[in-house]
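Here is the structure we will look at, set down as structure tokens.
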Amino acid sequence: TIATGTDQEEKEATTTTTTTTKQQTASYQELVKKWEAITHLGRAQAVLGYDQQVFMPASASAERGAQLAALATVLHQQRTDPKLLELMDQAMEQEAASLQPDELRMLELERKAFVENARVPSELAAKAAELSASAYSDWVKARQAKDFSMFEDTLQDCFDTAMKLAAAKQGSSDNLYDFMLDEFEMGMSQTRIDAIFEQVETTLVPLIQKVLSAPNPPSMAALKGEFDIEQQQQLSDLLVKSIGFNAEQGRIDVSVHPFTSSMSPSDVRITSRFRTDEWYQGLAGSLHEGGHAIYEQSLPASALSIDTALSMGTHESQSLFWERHVGLSKAFWRYATPILHETLASTKEYSDQDIYGAINAVSGTSLIRVEADELSYPLHVILRYNIEKDVIGGKLKVTDIPERWNSDMKRYLNVEVPSEDKGCLQDVHWSALAFGYFPTYLIGAIASAQLYHYCQKDIPDIEQQMEKGEFGAIKQWLTDKVHRHGRRYKSLDALLEDQLGEPLNPKYFLDYLTEKYSELYHLE
């Protein structure tokens, strides 16, 4: 049984007010004040960061950098204050018997984070921070020049430094990639991911080839033309709000790269981007970020880490649930097509079936991960996962990454990579030392299909509700099953097992893709 936010209220209602009890909980209460102060500083940092990316004049960049650096210094001091560890130890030794399950979970989460960070020598932490900044610049230059050799030494340094960080944090050099994975996807080991991804690869490689050789692919003409940016923005805003984004507790803006930023559940902001020659990519990005934002807005309203998102894969499951299982469905477009026609008049000649076919069509040349369709996308993730896993495991040299990348692209997607900017230099993640991040994209996609399967069982008329533009029951189901639990579970597997009756299972994802694309492409 998972504790809820009412535990503290129940505790306060039933606890006697003797001096002994007050003394027993003194350490924990002091910890809560310190943790909340740290959270509020982090949220202030998020406000400054959002402003920097969306509103701030370019002339203020140096001053904003100084503001953020000053705030980061204060945050670091508070997060590494030895008094925190002293209070946590006191609470565990003297107060454990009187603490509620949520409070014990908070101690577990915060102590683990504190101890791991405290193990990192200050020189190594400074080196990692400096390297991620300089590596980004080196990556940009190499990508522009389409020349991996310009980035190779830096990337080697990124791998080496990330491995040193992982070894320092866990106090051992054993199973480093497992530790890196755990930082992004708590409780999900390499062995577990290997088994899941193998099933995905085995099913999707032949399915994609069947789809690409089908004689009558759906037309994508409904997506092309000249489209006004403001009208696209109106369409996106309307549909994102209709699925459940609360604009009274956030904002929708435009930026170079779409992202979601949460200052608290009562202030969650998303950004979109649009282009004039195609309308769907902008909308898809908005629905995706809307899914992230709905998760953030639906978390319990507190300033404690137990009430934050469980993991990156869990977060991605929420964005992909809305972007794909809702936003790419026939039912959604029976609702949304009249709105599309009214907003973008040049689309009026296309029916909801035309729109459905166009947005779900599979590209024959899937080179770029962020532009890939949902059928090809999983193999982009598996390719990156296998490469970084093999480098960290000592099975692949950094210098051999381009050759490995190109051969895997041919094997998985039957695509020839024409240049390194469209191959191994296309993603920013490795320059940021974010090893272990890529697999969370696919874990999220698999979880979203599993959640939709069970949501459909609990809401049998889900398609009829979507056709009417009614999404409240779906959002409430997700809040009950995922959002409200924060980080009370120890892994996504544990959450799914308790809420749905089984851990992460790729069957639903593979069935969804096989059935959908077999029908769309008239496969036997």
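Heads up: numbering here begins at 1 and tracks the sequence.
Checked against salt bridge (charged side-chain N to carboxylate O under 4.0 Å, His left out), Lys516 has the following partners two or more places apart in sequence or in another chain: Glu374. Under the side chain to side chain contact (heavy atoms under 4.5 Å, CB included) criterion, Arg411 pairs with Glu201, Asp408, sequence neighbours left out. Every residue two or more places apart in sequence or in another chain that forms a salt bridge (charged side-chain N to carboxylate O under 4.0 Å, His left out) with Glu183 is listed here: Lys169. For Val254, the side chain to side chain contact (heavy atoms under 4.5 Å, CB included) criterion is met by Gln233, Phe274, not counting sequence neighbours. Among residues two or more places apart in sequence or in another chain, the side chain to side chain contact (heavy atoms under 4.5 Å, CB included) test is passed with Gln249 by Asn246, Ser266, Gln297. Not a single salt bridge (charged side-chain N to carboxylate O under 4.0 Å, His left out) links Asp228 to another residue, sequence neighbours left out. Ala145 meets the side chain to side chain contact (heavy atoms under 4.5 Å, CB included) test with Asp147, Met150; sequence neighbours excluded.
A salt bridge links Asp493 and Arg192; the closest N-O separation between the charged side-chain nitrogens and carboxylate oxygens is under 4.0 Å. Using a cut-off of 4.0 Å between Lys/Arg side-chain N and Asp/Glu carboxylate O, Arg404 and Asp390 are scored as salt-bridged. Taking the charged nitrogens against the carboxylate oxygens, Glu289 and Arg273 have no contact shorter than 4.0 Å, which rules out a salt bridge. The pair Lys241-Asp237 does not count as a salt bridge, with every side-chain nitrogen at least 4.0 angstrom from each carboxylate oxygen.
The list of salt bridge (charged side-chain N to carboxylate O under 4.0 Å, His left out) pairs with a residue in residues 291-301, not counting sequence neighbours, is empty. Applying the salt bridge (charged side-chain N to carboxylate O under 4.0 Å, His left out) definition to pairs two or more places apart or across chains, those involving residues 49-72 are Asp51-Arg64. Among residues at least two apart or in separate chains, salt bridge (charged side-chain N to carboxylate O under 4.0 Å, His left out) pairs with a member in residues 451-469 are Arg334-Glu467.
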Report the C-alpha separation of Phe245 and Ile252 in whole Å, then their side-chain angles, then the decisive distance to 0.1 Å, and conclude whether the side-chain contact (heavy atoms from CB on, under 4.5 Å) test is met.
CA-CA 10 Å; Phe245 175 74; Ile252 305 174; 3.6 Å; yes

Check step by step if side-chain contact (heavy atoms from CB on, under 4.5 Å) holds for Glu152 and Leu155.
CA-CA 5 Å; Glu152 184 182 320; Leu155 182 56; 5.8 Å; no

With side-chain contact (heavy atoms from CB on, under 4.5 Å) as the test, would you mind laying out the steps for Leu287 and Leu283 before giving the verdict?
CA-CA 6 Å; Leu287 292 173; Leu283 174 61; 4.2 Å; yes

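Taking the ring centre of Tyr377 as origin, the terminal cationic atom of Arg324 falls inside the region bounded by 6.0 Å and 45° from the ring axis.
Residues Ser305 and Arg487 meet the side-chain proximity criterion, which asks for heavy atoms closer than 4.5 Å. Side-chain contact check for Thr514 versus Leu204: every heavy-atom pair is 4.5 Å or farther apart. Proximity of Glu185 to Ile193: side-chain heavy atoms (C-beta onward) are nowhere separated by under 4.5 Å.
Thr271 and Ser255 are linked by a side-chain donor-acceptor pair at a separation below 3.5 angstrom, with hydrogens and angles left out of the test. Looking only at atom types and distance, the side chain of Lys410 has a donor-acceptor partner in the side chain of Asn414 under 3.5 Å away. A donor and an acceptor atom, one from each side chain of Asp373 and Ser376, are located under 3.5 Å apart. Using modelled atom types, one finds no donor on one side chain facing an acceptor on the other under 3.5 Å when comparing Tyr177 with Asp182.
Using a 30° and 60° split on the angle between ring planes, Trp430 and Phe438 fall in the perpendicular class, above 60°. Phe332 and Phe471 have tilted rings, their planes meeting at an angle from 30° to 60° on a 0 to 90° scale. A perpendicular orientation is assigned to the rings of His485 and Tyr489, their planes being inclined by more than 60° (bins at 30° and 60°).
The ring pair (Phe, Tyr, Trp, His ring centres under 6.0 Å) test with His453 singles out one residue from Tyr512, Tyr508, Phe509, and that residue is Tyr508. When each of His292, His288, His483 is tested with His315 by the rule ring pair (Phe, Tyr, Trp, His ring centres under 6.0 Å), just one qualifies, namely His292.
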Expected list for residues 214-224: side-chain donor-acceptor pairs under 3.5 angstrom, two or more places apart:
from: Ser219; atom 1: OG; to: Ala221; atom 2: N; distance (Å): 3.1

Can you give each donor-acceptor pair under 3.5 Å made by side-chain atoms of residues 352-359, sequence neighbours left out, with the distance rounded to 0.1 Å?
from: Asp354; atom 1: OD2; to: Ser351; atom 2: N; distance (Å): 2.9
from: Asp354; atom 1: OD2; to: Ser351; atom 2: OG; distance (Å): 3.2

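A centroid separation of 6.0 Å or more is found between the aromatic rings of Phe321 and Tyr295.
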